[in-house]
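Residue numbering restarts at 1 for every chain, and letters A, B, ... go by the order of the sequence lines.
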Amino acid sequence: MPCGASCPMGAERAVPATLRVACGRELRSPSPFLQPGRYINDTCDGVTFSGRVEKSQVSKNSEVPFESEEYLISATSRGKEFKLTLTPVKQEHSPPNKGEAQKPMDVIFRFGMSGSFKMTLASEIPKHAHLRFYTKESPPRALCFVDYRRFGRWEVDGSWQPDRGPCVMLEYEKFRENVLKNVSDKAFNKPICEALLNQKFFNGIGNYLRAEILHRLKIPPFEKARTVLENLQHREPDSAVTLSRKVKLKRENPDLLELCHQLPTEVVRLEGKGYDPERSADSTAFEQWLQCYNVPGMKSLRDANGRTIWFQ
DNA sequence: CGTCCACGTCTAC
DNA sequence: TAGACCTGGACGG
């Protein structure tokens, strides 16, 4: 998500990971955010795109009415939302008054259950590539929004959904404040496992992260959210310990809201390892990172919305 | 073959 | 608070 052009993170693999979890089921690589942004900004850095944006016939999302001889693509993210910015490169010899010049355009994405971006040769467009941006080079490549279940959405000239809260990764302090200032909100009448999926407060947390977060703290998933959160409202009083000691304590004993930042950060780092684009090794790394979700021996139940919650 | 399940919204009753 | 929206892999008969 939130990996803008300024994001310093390292190389990204070229292929969205598919991972085999212990029970044998396969999962798309999970980090809801950041990762796609890093992928885009890494693979599109210094690459010039050209022409119009192509949409598949089957997608019900809108056309993306953008066309330019030369343009650049960059990405940013916020929680589970993702933004592509298309920026025309100034033409030296642009014909005077031959139609309107193409202005920069933002396209906001939500990935649903199966959305991802992938850069391929234009001659090898993958199945379910519902939006395609072509490079100018020869042979051309295509940046593809691939989404086999088509739950993903995009919005031309869109903006971050107003009801979604700050990003758990990139806006941690705002995120924390937004939760703690609103503990009386009716959203927190619900069990903590359900509240954690509420994107108004936990923008970026999804089904595997909620399980991992609660599991690390051994919080029973159906404990009332308010009860859990009220315990976090009073920051620890200043004690005599040194700052570095405090930082260390915080890292080693993160509270629930800190874990909402820390765990997805760990996943992003996992997946950022190495340059090898096709390694199956990093799906193994994610599989091994999971301590609870889909892990043999853990229990699971359905929450009130029919989503599976994993716990010990 | 069939049923169940999947990292998420979205909207209609 | 149910479905609806989708494809496809795992597993059962």
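Atom CZ of A/Arg210 and atom C1' of B/dA6 are 13 Å apart (whole Å). Summarising the geometry, the separation between CG on A/Asn294 and C1' on B/dC4 is reported as 14 Å, rounded to the nearest angstrom. Between the CD atom of A/Glu194 and the P atom of B/dG8 there is a distance of 15 Å, given to the nearest Å. A/Lys60 has its NZ atom 13 Å from the P atom of C/dA4, to the nearest Å. For the pair A/Glu287 CD and B/dA6 P, the computed distance is 17 Å after rounding to whole Å. Between the P atom of C/dC5 and the CG atom of A/Asn61 lies a distance of 15 Å, rounded to the nearest Å. Rounded to whole Å, the distance from CG on A/Asp163 to P on B/dG8 is 18 Å.
Take A/Glu63 and apply the side chain to side chain contact (heavy atoms under 4.5 Å, CB included) test, not counting sequence neighbours, and it matches A/Arg52, A/Lys55. By the side chain to side chain contact (heavy atoms under 4.5 Å, CB included) test, A/Phe151 pairs with A/Met113, A/Arg149, sequence neighbours left out.
No donor-acceptor distance shorter than 3.5 angstrom exists from the side chain of A/Arg141 to the backbone of A/Lys136, with no hydrogens or angles considered. Looking only at distances, no side-chain donor or acceptor of A/Glu223 sits under 3.5 Å from a matching main-chain atom of A/Val228. A donor-acceptor pair under 3.5 Å is formed between the side chain of A/Gln233 and the backbone N or O of A/Leu180. One N or O on the side chain of A/Asn207 and one on the backbone of A/Thr308 form a donor-acceptor pair closer than 3.5 Å. Checking side-chain atoms of A/Asn203 against main-chain N and O of A/Val168 turns up no donor-acceptor pair under 3.5 Å.
Applying the 4.0 Å criterion to OP1 and OP2 of C/dC6, one finds that A/His128 has every side-chain N and O outside that range. The side chain of A/Lys127 places no N or O atom within less than 4.0 Å of a non-bridging phosphate oxygen (OP1 or OP2) of C/dT7. Applying the 4.0 Å criterion to OP1 and OP2 of B/dA6, one finds that A/Thr308 has a side-chain N or O inside that range.
Relative ring orientation between A/Tyr208 and A/Phe286 is described as perpendicular, the plane-to-plane angle rising above 60° on a 0-90° scale split at 30° and 60°. Between A/Phe109 and A/Trp154, the angle of the ring planes lies from 30° to 60°, which puts this pair in the tilted group.
As rounded to the nearest Å, B/dC5 and C/dG13 have P atoms that lie 15 Å from one another. With both ends at atom P, the span from C/dC6 to B/dC1 equals 22 Å, rounded to whole Å. Spacing of P atoms, C/dG9 relative to B/dT9, comes out at 24 Å, to the nearest Å.
Residues of residues 142-150 of chain A that place a heavy atom closer than 4.0 Å to DNA chain C, in numerical order, are A/Tyr148, A/Arg149, A/Arg150.
Helical stems in DNA chain B, defined as runs of 3 or more consecutive Watson-Crick or G-U wobble pairs with both donor-acceptor distances under 3.5 Å, are listed by first residue as B:1-6 with C:7-12, B:8-12 with C:1-5.
Screening residues 190-215 of chain A for salt bridge (charged side-chain N to carboxylate O under 4.0 Å, His left out) gives A/Arg210-A/Asp303, A/Glu212-A/Arg216 as the qualifying pairs, with residues at least two apart or on separate chains.
Within a 6.0 Å sphere centred on NZ of A/Lys218, other residues, nucleotides and ligands contribute more than 12 heavy atoms.
Across A/Trp160 and A/Lys83, no two heavy atoms sit closer than the pair CH2-CB, 3.5 Å.
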Between the protein and nucleotides 9-13 of chain B, list every N/O to N/O distance that falls short of 3.5 Å.
from: B/dT9; atom 1: OP1; to: A/Arg164; atom 2: NH1; distance (Å): 3.1
from: B/dT9; atom 1: OP1; to: A/Arg164; atom 2: NH2; distance (Å): 3.0
from: B/dT9; atom 1: OP2; to: A/Lys80; atom 2: NZ; distance (Å): 2.6
from: B/dC10; atom 1: OP1; to: A/Arg110; atom 2: NH1; distance (Å): 2.6
from: B/dC10; atom 1: OP2; to: A/Gln161; atom 2: NE2; distance (Å): 3.1

